[in-house]
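A quick write-up on the structure given underneath.
Heads up: numbering here begins at 1 and tracks the sequence. Keep in mind that this is a model prediction, so the values were computed, not measured. One-based numbering, in listed order, for ligands and for the atoms of each. Reckoned from all heavy atoms, side chains included, excluding hydrogens, waters and symmetry mates.
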Amino acid sequence: MNVKKIIIGNDHGGYDLKKVIVKHLEQQGYSVEDVGSHSDAIVRYPYYAASVAHAVAQNPEDNKGILICSTGIGMCIIANKFRGIRAALCNTSYQGKMTSAHNNSNILCLGGRCIGAFEAIDILDAWLNTPYEGGRHDISLGLIGEAENTNFSDEQWNPDIPDIP
Ligand SMILES: O=C(CO)[C@H](O)[C@H](O)COP(=O)(O)O
C-alpha cells in the first residue's frame, strides 16, 4: 500500500456510493479524509472536486483522490484542470486497472447513478492494486506535463466549500 491517504469528495448524486466506498477503504486499512458533502442535500460538485484535486496536487507522492457525482463526468472535468492531476472516470474494473497501469491516474472518478456498489468496489480495488507500468507510458505522461506547462497558469483555484450551495 504505497498511498498514505485517500481524499474523497462527492455531491448529492455521489453521497450514497461515497458511504460504501469509505467503509470499504477503512476496512482495507486506508486512511481516508472525507471533504464532503455529508448528506444528500443538493450541492455544487465543482467545490468538492476542487478541494480534492488541490489536496492531491499538493502531495501527489502520498495522496490519491476519489470523486463521485451522479455520472462522475463533472468531477472529472474539474479535477483535470488542476496541474499534476490525472483524473480518470471509470465504469469498468478493466478501466480501473488500465488507468493505473498506463496513466498513473491519481484521482478516480465514479458515477453514483451509473454503477452499483459492487461494481464500484471492483473498479476501486483494480485501481488501487495495479501499479503504474512506467516504460513507454512515461513518454505520454511527459507530454501531458508539457500540455499543462503550455496551457495552465500557475494560479490554482482552491475555493472554500461554502455552507450554502
Ligand atoms: O453528475 C453530475 C455532474 O457531472 C452531477 O451529480 C449532476 O449534474 C447533478 O444534477 P442534479 O442537480 O440534477 O442532481
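Side-chain atoms of S100 and T130 include no donor-acceptor pair closer than 3.5 Å.
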Hey, can you pull the donor-acceptor pairs under 3.5 Å for the side chains in residues 154-165, sequence neighbours left out?
residue	atom	partner	partner atom	Å
D154	OD1	R83	NH2	2.8
N158	ND2	H54	ND1	3.2

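Residue pairs meeting the side chain to side chain donor-acceptor pair (under 3.5 Å) criterion with at least one partner in residues 37-48, sequence neighbours excluded, are N10-S37.
Hydrophobic clustering of Ile, Leu, Val, Met, Phe, Trp and Tyr side chains at less than 4.5 Å, counting indirect connections, unites I21 with V3.
The environment of OH in Y94 is sparse: at most 12 heavy-atom neighbours from other residues, nucleotides or ligands sit within 6.0 Å.
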Give me the pairs of N or O atoms, one from ligand 1 and one from the protein, that sit under 3.5 Å apart.
residue	atom	partner	partner atom	Å
ligand 1	1 (O)	S70	N	3.2
ligand 1	1 (O)	T71	N	3.1
ligand 1	1 (O)	T71	OG1	3.2
ligand 1	4 (O)	T71	OG1	3.2
ligand 1	4 (O)	G74	N	2.8
ligand 1	6 (O)	D11	OD2	2.6
ligand 1	6 (O)	S70	N	3.0
ligand 1	6 (O)	S70	OG	2.8
ligand 1	12 (O)	H12	NE2	3.2
ligand 1	14 (O)	H12	NE2	2.8
ligand 1	14 (O)	R113	NH1	3.4

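The salt bridge (charged side-chain N to carboxylate O under 4.0 Å, His left out) check on D34 picks up K18, with sequence neighbours excluded.
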